[in-house]
Amino acid sequence: MTKEFVDVLIIGAGPSGCVSASYLHKNNVKIKVVEKTKFPRLVVGESLIPRVMDHFAEAELFESLDAMNFEKKLGARFIRGEEICVFDFSKKFGEGWDWTWQVPRADFDNTMAQEVIRKGIDLEFESEVLEVSFEGKKSKTLVKDKDGNLKEIHADFIIDSSGYGRVLPRLLDLDTPSKLDPHSSIFTHVKDINRPEGEEGTQISFDILETEVWLWVIPFSNGNTSLGVVGPTDFINSLSENKDNAEALRNAIQKSDYYIKRFKGTEFLFEPVKLENYSRAVKRMYGDGFALTGNSSEFLDPVFSSGVAFATESGMLAAKLYLKEAQGIEVDWETEFTGYMKRGIAVFTTYVKEWYTGNLQTLFFHQPENPDVKEKICSVLAGYVWNEENPFVKKHDHVIANMAYLLNMQKEEKENPSVN
């Protein structure tokens, strides 16, 4: 059996793994990246948020991605019947990027991976992690390549960016139930032959079919569009008696007054994929000699497109903290990694929960709009969830519910004035 010796082993070549790898490489760290699949490959998470752009720029991946001319995402639109709420990232509270991309992840991830390889980083596709053992902080990882050959990779540190593969959570028994209610989704791509001209044809939209059920529409620059339905697992399962994902998605599209004409009868480019009970959580996000990043640790919900942002945030942070430790500087992983990530995750968790209670939707669609409230919420939707100068970050655990309660009370009083 062959042996390899590296400073850092990175498991997974998605956004988190590539950001970690590229950042560490430019800081002269010896890296090995192993990826179980062959790229390009289909994966969900096609709508990004502006916070990710900070990470791509710092990891020196931005230029290669920008050259691909992916569809620019300048904001997001939410639709509820005849009501429409549009968030413009250029009108948000605080500093930060005003745009990002909508991307076919197969092309997007492959572009990053190829740029990582071009930089001279050792990235090995179709290699599966079978076992991991630790002696103190040092690790030995047994890997099987595409030809069935086994090798042993010795590393000072492991960054697990394996996403839904969840390599270390499985091998080290770190999984724990999510605190979010069980939701599922079904999605595919279509050739968007009825796409309107101009902004209407390129704008990402979330069409609310019921309080807890919504359709996503994510147009790409290649003429295709991603279509998906999200809702409570029982509802998603009820869309097709035969458990036929294509039938279920077509039935969901039928429920959309806004999009039924645009997508009725449109051919699916691949058999729709179902992600059941997708929310994930772990008992801990790090240990002696390893850190969990991206979906290998926490995944919340696709409604506000936070997945890739948390992946790149945690991937960049894990890389920086490893580097700091390697330079002999003491690192408090509980505070500097888990504590930091949990603060951002807590904010988005509140927004996901309040979306499904309907409270956040009350704020979104209230008329007349409150520009001050809207720009502060917009900053959260852009991913700047660590900026505690924003009261909608600092007071996230009660500000949405309290405001929705007051707005509902005002509406009730207007509709049912007291008789004196």
Side-chain angles (χ1 to χ4, degrees), residues 13-15 37-49 52 65 68-74 76-79 100-114 163-164 183-209 213-231 236 239-240 243-256 258-276 278 295 299 301-308 311:
T37 66
K38 181 180 180 180
F39 279 24
R41 52 88 166 94
L42 179 70
V43 66
V44 75
E46 300 147 328
S47 166
L48 310 183
I49 55 179
V52 302
L65 293 169
M68 294 295 292
N69 294 315
F70 295 116
E71 190 67 55
K72 278 193 172 183
K73 177 181 173 182
L74 305 178
R77 178 173 64 174
F78 296 86
I79 302 167
T100 182
W101 293 297
Q102 296 156 198
V103 297
R105 283 287 301 278
D107 299 335
F108 186 78
D109 288 15
N110 192 46
T111 299
M112 276 191 294
Q114 296 305 320
Y164 281 117
H183 284 74
S184 297
S185 68
I186 299 174
F187 81 102
T188 189
H189 293 173
V190 299
K191 192 72 176 176
D192 201 349
I193 56 175
N194 297 318
R195 179 182 291 185
E197 294 293 324
E199 184 180 20
E200 173 66 27
T202 61
Q203 191 171 42
I204 180 174
S205 297
F206 302 82
D207 186 10
I208 302 165
L209 308 180
V213 182
W214 50 279
L215 195 73
W216 81 57
V217 177
I218 308 174
F220 302 137
S221 59
N222 62 8
N224 297 340
T225 289
S226 176
L227 286 179
V229 61
V230 178
I236 296 298
L239 286 170
S240 171
K243 309 301 180 188
D244 183 317
N245 292 340
E247 180 185 44
L249 186 53
R250 291 198 188 282
N251 286 338
I253 294 169
Q254 290 281 341
K255 295 177 182 292
S256 171
Y258 197 93
Y259 283 111
I260 186 170
K261 288 184 179 179
R262 180 167 163 183
F263 295 115
K264 185 178 181 180
T266 303
E267 182 181 353
F268 296 156
L269 295 179
F270 55 83
E271 180 66 23
V273 175
K274 183 178 184 182
L275 298 175
E276 193 162 1
Y278 46 65
N295 292 353
F299 180 74
D301 193 275
V303 65
F304 300 125
S305 309
S306 62
V308 174

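Worth knowing before you read on, the calculation uses all heavy atoms, side chains too, and leaves out hydrogens, waters and symmetry mates.
By the side-chain hydrogen bond (donor to acceptor under 3.5 Å, both in side chains) test, R262 pairs with D192, sequence neighbours left out. With sequence neighbours excluded, the residues forming a side-chain contact (heavy atoms from CB on, under 4.5 Å) with V44 are Y164, F187, W216, L275, listed by chain and number.
Listed here is the closest heavy atom pair of K191 and N222: NZ-O, 3.8 Å. Considering every non-hydrogen atom in both S256 and Y259, the closest pair reads OG-N, 3.0 Å. Taking each heavy atom of E247 and D244 in turn, the nearest pair found is N-OD1, 3.0 Å. Of all heavy-atom pairs between I186 and P272, the closest is CG2-CB, 3.7 Å. When all heavy atoms are compared, the tightest approach of S305 to S47 is OG-OG, 2.8 Å.
Taking the six-membered ring where the residue is Trp, F206 and W214 present tilted rings, their angle falling between 30° and 60°.
Side-chain contact check for Q254 versus K264: some heavy-atom pair is nearer than 4.5 Å. M68 is not listed as a side-chain neighbour of V103, based on a closest heavy-atom distance of 4.5 Å or more. Looking at I208 and I79, their side chains never come closer than 4.5 Å, going by heavy atoms from C-beta outward. Using a 4.5 Å heavy-atom cutoff, the side chains of P104 and F70 are in contact. Residues N194 and K261 have side chains not in contact (no heavy-atom distance under 4.5 Å, counting atoms from C-beta outward). Counting only heavy atoms from C-beta outward, the side chains of S226 and Q102 never approach each other to under 4.5 Å. Two residues are said to be in side-chain contact when any heavy atoms from C-beta on lie closer than 4.5 Å; D109 and P15 meet this criterion. D107 has its side chain out of reach of F220: every pair of non-hydrogen atoms, C-beta onward, lies at least 4.5 Å apart.
Remark: of the listed residues I236, V230, V229, I236 is the sole one forming a side chain to side chain contact (heavy atoms under 4.5 Å, CB included) with S184. Of the candidates V273, T225, L249, T266, T188 forms a side chain to side chain contact (heavy atoms under 4.5 Å, CB included) with just one, namely L249.
Atom-to-atom distance recorded for T202:OG1 and E197:CD is 10.5 Å, nearest 0.5 angstrom. For the atom pair CG (L239) and CG (N251), the distance works out to 6.0 Å, reported to the nearest 0.5 Å. For the atom pair CD1 of I193 and CZ of F263, the computed distance is 10.0 Å after rounding to the nearest 0.5 Å. Atom NZ of K72 and atom CH2 of W101 lie 9.0 Å apart (nearest 0.5 Å).
More than 12 heavy atoms of other residues, nucleotides or ligands lie within 6.0 Å of CD in E271, so this atom counts as buried by the packing criterion. The environment of NZ in K243 is crowded: more than 12 heavy-atom neighbours from other residues, nucleotides or ligands sit within 6.0 Å. Enclosure of atom NZ in K274 by more than 12 non-hydrogen atoms of other residues, nucleotides or ligands within 6.0 angstrom is indicated.
Side-chain N or O atoms of R105 include one that pairs as donor or acceptor with a backbone N or O of G45 at under 3.5 Å. Side chain of R195 to backbone of N224: a donor-acceptor contact under 3.5 angstrom is found.
Salt-bridge annotation for E46 and K73: absent, with no side-chain N of the basic residue lying under 4.0 Å from a carboxylate O of the acidic one.
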